[in-house]
Number of protein chains: 2
Amino acid sequence: MITCSAPGKVYLFGEHAVVYGENAICCAVELRTKVSVEKSDEIIIESILGRTRLDHDTHPYVSYVIEKMRQFVDIPGVRIVIESELPVGSGLGSSAAVTVASIQALNHLYECGLSLEDIAKTGHEIEKMVQGNASPTDTYVSTMGGVVMIPQRKKLELINCPIVVGNTHKFSSTKQLVGNVSKLRSDFPSVVEPILSNIGQISILAEKLVAEGDYETIGKLMNINQGLLDAIGVGCAELSSLVYAARDNGAISAKITGAGGGGCMVALTREDNAEAIAKAIENAGGEAIITKNTAEGVRLESLHG
Amino acid sequence: MITCSAPGKVYLFGEHAVVYGENAICCAVELRTKVSVEKSDEIIIESILGRTRLDHDTHPYVSYVIEKMRQFVDIPGVRIVIESELPVGSGLGSSAAVTVASIQALNHLYECGLSLEDIAKTGHEIEKMVQGNASPTDTYVSTMGGVVMIPQRKKLELINCPIVVGNTHKFSSTKQLVGNVSKLRSDFPSVVEPILSNIGQISILAEKLVAEGDYETIGKLMNINQGLLDAIGVGCAELSSLVYAARDNGAISAKITGAGGGGCMVALTREDNAEAIAKAIENAGGEAIITKNTAEGVRLESLHG
């Protein structure tokens, strides 16, 4: 059995603004989805969601991965087992991670010779097939790892402080939130366009600070970015509650990560207070996960097992 | 005994940005401070804060009013009784209201012939004496009433929907918050200056909407303004909690009013849900007050009593 894994991601800066061509900074996190594959008589996909054959409803991403990979190689039967540390539908890029890890696992199993660039590109195509529209960022960062300036895809230095993710467990539709921002921008262009540009400007300022490892100043900019996200209507009570719980308990910074309206927030913390901040997030009703930035994108975990 | 009253105010738009010359819209609310005066053998000031003679610590505003009015008229002895519906130090302009009502009451008692413009100007001088620095807006709006575009002092149409104020009862220092914003602006001019301009731009857009009575659209702009206030660091967990409690229970809009960091938030509501929103604010830990916009600034309540 061949096992590959791919990481999730958080946006340090720039979600939503990136839709309008502004800069964003995205950071792969050491929360991974593992996909194990072995040849079989039939196609079987197993995960906590169930055990199915090719099923676009239960396992849309992996089902489309198999269909897509059949363009490169004959796949008569394969057993695929998915295990993930990433909460689904929470803005941490779980769909990109399962897609990228599946492609790489099948790439190894069938020796397709796909490069990392090929995997990122194929992964994006699959996300578009499932979601109708999708940013290439999640699949790119999950494939390549590290800290990436979007849209240039420039690799920045790693973030060397603990990262605490707080999950509201409140469902939000990325499509709807992106639509809401678009509507607000149409209704109030003279107000909303400058906010989106301002978010982009923050990412540009942050690039230098990431290189310098100046997390305190990065944190101040993340907090400003949080207010700007709230201004464009993608905040909610639950997110705000977790954001302030983190900040009031000593986090360097805390903001929404991803589409907002629910889903997750992200905090940067000091080495010695990640646990305390995770606890504060839990006390405020969220699920906290302590993680860190990872330089490694999709990777081979084992060739046997 | 002569009784005068003067109203408090809420900022619908533009607090903090107004410090940098941007536009703001301030709205007098039907929460009043009453000041009753009668000639006496000595100077006595009575309020819930205590019964004192001229005392710059206990009754700073009224004590300075008496000293200032002595420039116009001989005041050998006077008894002054203060009653207020305005929570002190909560950003609703309680100090301006007590100052303006006191000036007008003494103006009537001693027939000084001060005009409303004189009262607003004298009120501002007294606020500066007590606070070191003070915006002229609070005393102006308390004197004139209505809805006022700052800094032009242009009167706009009245806001004809219920206004619910939510008090966090968390102390905040206006001076410190204004200082924090100034520091953030110095640290990140390319980010913070556009936010402040953007807030001013919102007030300009809102002027026309106030004339049209389009409260739904005014509300959307207030919600954007709220996020921008959060972005410049004047939000806090308590304010955010009351803001979302109001919005999630059907308020047209909800935002911080005043310096932030504590103090009050303000919500516009529909005629039929002001009570429900007040209750939601109370459930979220705030003290709610249902009020409305008032055209009347300082006024004579009674000549005897």
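In the text below, chain A, chain B and the rest are named by the order of the sequence lines, each starting its count at 1.
Contacts with chain A were tallied for B:Asp248, B:Val192, B:Ile195, B:Thr217; B:Ile195 has the most, counting heavy-atom pairs under 4.5 Å.
Here B:Leu221 contributes atom CG and A:Phe188 contributes atom CZ; the two are 4.0 Å apart, rounded to the nearest 0.5 Å.
Within 6.0 Å of the NZ atom in A:Lys175, the count of heavy atoms belonging to other residues, nucleotides or ligands does not exceed 12. A 6.0 Å sphere centred on NZ of B:Lys170 holds more than 12 heavy atoms belonging to other residues, nucleotides or ligands. Counted within 6.0 Å of NZ on A:Lys154, heavy atoms from surrounding residues, nucleotides or ligands total 12 or fewer; the atom is thus considered open.
Under the salt bridge (Lys or Arg N to Asp or Glu O under 4.0 Å) criterion, the residue pairs touching residues 266-279 of chain A are A:Glu216-A:Arg270, with sequence neighbours excluded.
Of all non-hydrogen atoms in B:Ser190 and A:Asn198, the two that sit nearest each other are O-OD1, 4.3 Å.
Residue B:Ser197: no heavy atom, backbone or side chain, is found under 4.5 Å from chain A.
Counting heavy atoms from C-beta outward, A:Leu184 and B:Ile224 have side chains that approach closer than 4.5 Å.
The stretch residues 227-246 of chain B places B:Gly227, B:Leu228, B:Asp230, B:Ala231, B:Gly235, B:Cys236, B:Ala237, B:Ser240, B:Tyr244 near chain A, each with some heavy atom under 4.5 Å from a heavy atom of that chain.
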